[in-house]
Amino acid sequence: MLSTILSRRLEQRDVHYGWIVAATAFLTMLVTAGTIGAPSVLILPLQKEFGWEATQISAALAMRFLLFGLMAPFAAALMNRFGMRRMALTAITVVFTGMGLSLFMREVWQLIVLWGFVVGIGTGLTAMVMGATVATRWFTARRGLVIGLLTASTATGQLVFLPLIAALTEAYGWRAAILFILAMLLVCAATMLLFMRDRPSDLGLRPYGQVVDDPPVTGGLKTNSPIDVLIDASKTRIFWMLFLSFFVCGASTNGLIQTHFVSLCADYGMTAITATGVLAIIGLFDFAGTVASGWLSDRYDNRWLLFWYYGLRGLSLLWLPFTGFEFLGLSIFAIFYGLDWVATVPPTVKLTAQHFGRERANMVFGWVFTGHQIGAAFAAFGGGFIRDNYASYLPALMIAGALCLMAAPLVLSAGTAKLKPATVS
């Protein structure tokens with residue numbers, strides 16, 4: 001009822017309700033991303049309180065990343081079947097339960113179950129496919145810009161909350177930081193309940209920028225399984241280009257820098273608050289870079305955008321050890337790397353929608369995003385393993401930088417021909 005009234009008032013002002021839906025998704029993705037990013041600040045406090053090794057904690061975080069990605073295509077199918085609002089509220093409930101119970105954990109297996117499995121599954125029920133779903137369903141014009149905004153919310157949420165979480169942890173302990181996250185999840189759930197709607201047709205609207213109605217969907221799309229979609233998509237060259245390049249994206253961002261940057265800086269005598277401040281700078285510049293990437297993806301060849309993004313990211317990671325981990329050098333790294341943090345997502349989503357169609361785009365992108373999170377899990381665990389065995393994170397930085405430089409030419413290998421979208425069975 002509130003949505004209908006609001007949509008009518010917005011129409012009188014020539015404002016589309018899709019922007020309200022996008023804002024609601026923005027908040028949801030921002031908060032759930034903060035939940036994903038928070039444990040990176042808590043590695044050292046958990047080691048101090050419980051005596052757990054970095055490899056053990058990294059195993060839980062790697063499991064979280066892996067499930068966050070593996071759930072994505074199934075989350076897309078569930079959104080198609082039950083609706084975005086219902087699935088988002090379910091996801092928030094699961095994450096709230098996992099984080100709430102972690103207040104009482106004492107053993108490392110409890111960390112793996114709660115932060116690895118429960119939080120991984122809960123956040124995976126929305127993952128980044130919510131942004132792809134909102135953008136493809138609610139927008140025809142400005143779709144790349146919307147993808148950029150929603151993608152920026154995910155990456156920014158993983159980083160900008162970190163200084164506050166670090167400050168709460170230092171002042172009151174890591175449990176206080178968890179309580180802050182729980183409060184934010186409650187705010188997110190209330191907003192989702194009030195404003196989210198699944199499709200423009202629910203309010204008698206067309207997607208933003210579309211002047212005629214979409215043709216009716218036939219063939220029982222809602223009964224398509226994610227496995228069927230994967231089988232169809234995996235027969236195309238562009239799917240594997242997107243999947244492998246997104247593996248590198250996850251390894252070089254969430255898996256390595258987001259998870260291990262605070263511990264990396266601690267090796268050079270930097271406090272957690274200072275290190276998370278650098279991550280916050282990355283998050284702020286990421287917001288600008290990702291929104292700009294969305295704007296650019298509406299205007300230029302998305303393959304060439306990805307080529308430059310991966311190449312520049314690889315160079316920045318190779319340069320990081322030479323900053324001396326001093327303020328000036330790290331600030332330059334934060335700006336340069338931050339602009340490119342997840343700028344890869346808008347071109348990737350646009351390519352997915354172009355080649356696989358509006359209704360299947362979220363499920364195909366879900367599988368592509370699975371590659372992203374497999375890469376993140378690989379780097380999250382690998383970074384901890386390398387630190388424990390070689391007393392340094394530098395080999396991990398070199399590997400991540402080299403992978404980015406390999407991904408840059410890979411994204412051009414799909415060619416320029418537009419592929420025929422997979423048929424609906």
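Values below: every heavy atom of this structure, side chains too, minus hydrogens, waters and symmetry copies.
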Any side-chain heavy-atom pair of [X] and [Y] under 4.5 Å:
X	Y	value
Met398	Leu394	no
Phe82	Leu78	yes
Leu317	Ile257	yes
Leu330	Phe261	yes
Leu242	Thr352	yes
Thr344	Arg313	yes
Gln354	Asn302	yes
Ile281	Leu284	no

Step by step, work out the side chain to side chain contact (heavy atoms under 4.5 Å, CB included) result for Phe365 and Thr133.
CA-CA 10 Å; Phe365 179 71; Thr133 304; over 6 Å; no
Start with the C-alpha distance between Leu405 and Leu318, add both sets of side-chain angles, then the distance that settles side chain to side chain contact (heavy atoms under 4.5 Å, CB included), and finish with yes or no.
CA-CA 10 Å; Leu405 294 180; Leu318 293 175; 3.8 Å; yes
Looking at [X] and [Y], would you say the former's side chain and the latter's main chain have a donor-acceptor pair under 3.5 Å?
X	Y	answer
Trp174	Ala166	no
Thr290	Phe287	no
Thr323	Gly329	no
Asp202	Arg199	yes
Tyr393	His260	no
Arg137	Pro207	no
Thr259	Leu256	no

Under 6.0 Å between ring centres, would you say that holds for [X] and [Y]?
X	Y	answer
Phe322	Trp319	no
Phe74	Trp367	yes
Tyr300	Trp295	no

When rounded to the nearest 0.5 angstrom, what distance separates [atom1] in [X] from [atom2] in [Y]?
X	Y	atom1	atom2	result
Met363	Ile227	CE	CD1	11.0 Å
Arg64	Leu111	CZ	CG	10.0 Å
Met87	Leu125	CE	CG	4.5 Å
Arg85	Met130	CZ	CE	11.5 Å
Cys265	Leu279	SG	CG	7.0 Å
Asp340	Thr253	CG	OG1	10.0 Å

Would you say [atom1] of [X] has more than 12 non-hydrogen atoms from neighbouring residues, nucleotides or ligands within 6.0 angstrom?
X	atom1	answer
Phe117	CZ	no
Phe325	CZ	yes
Phe378	CZ	no

So which atom in [X] and which in [Y] form the shortest heavy-atom distance, rounded to 0.1 Å?
X	Y	result
Thr271	Thr274	OG1-OG1, 2.9 Å
Pro346	Gly294	CB-CA, 3.7 Å
Ile92	Thr28	CD1-CG2, 4.5 Å
Val262	Thr276	CG2-CG2, 3.8 Å
Tyr17	Phe195	OH-O, 2.7 Å
Val134	Ala22	CG1-CA, 4.1 Å

Which residues satisfy the side-chain hydrogen bond (donor to acceptor under 3.5 Å, both in side chains) test with Trp240, sequence neighbours excluded?
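Testing Trp240 for side-chain hydrogen bond (donor to acceptor under 3.5 Å, both in side chains), a comparison that skips the adjacent residues, returns none.
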Measure the acute angle between the ring planes of Phe385 and Phe381, then classify it against the limits of 30° and 60° as parallel, tilted or perpendicular.
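The arrangement is parallel - the two ring planes meet at less than 30°.
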Would you call the rings of Phe239 and Phe356 parallel, tilted or perpendicular, taking 30° and 60° as the class edges?
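Phe239 vs Phe356 ring planes: perpendicular.
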Full working for side chain to side chain contact (heavy atoms under 4.5 Å, CB included) between Asp267 and Ser392
CA-CA 8 Å; Asp267 288 345; Ser392 174; over 6 Å; no
Walk me through it: do Leu339 and Leu312 pass the test side chain to side chain contact (heavy atoms under 4.5 Å, CB included)?
CA-CA 10 Å; Leu339 288 170; Leu312 293 174; over 6 Å; no
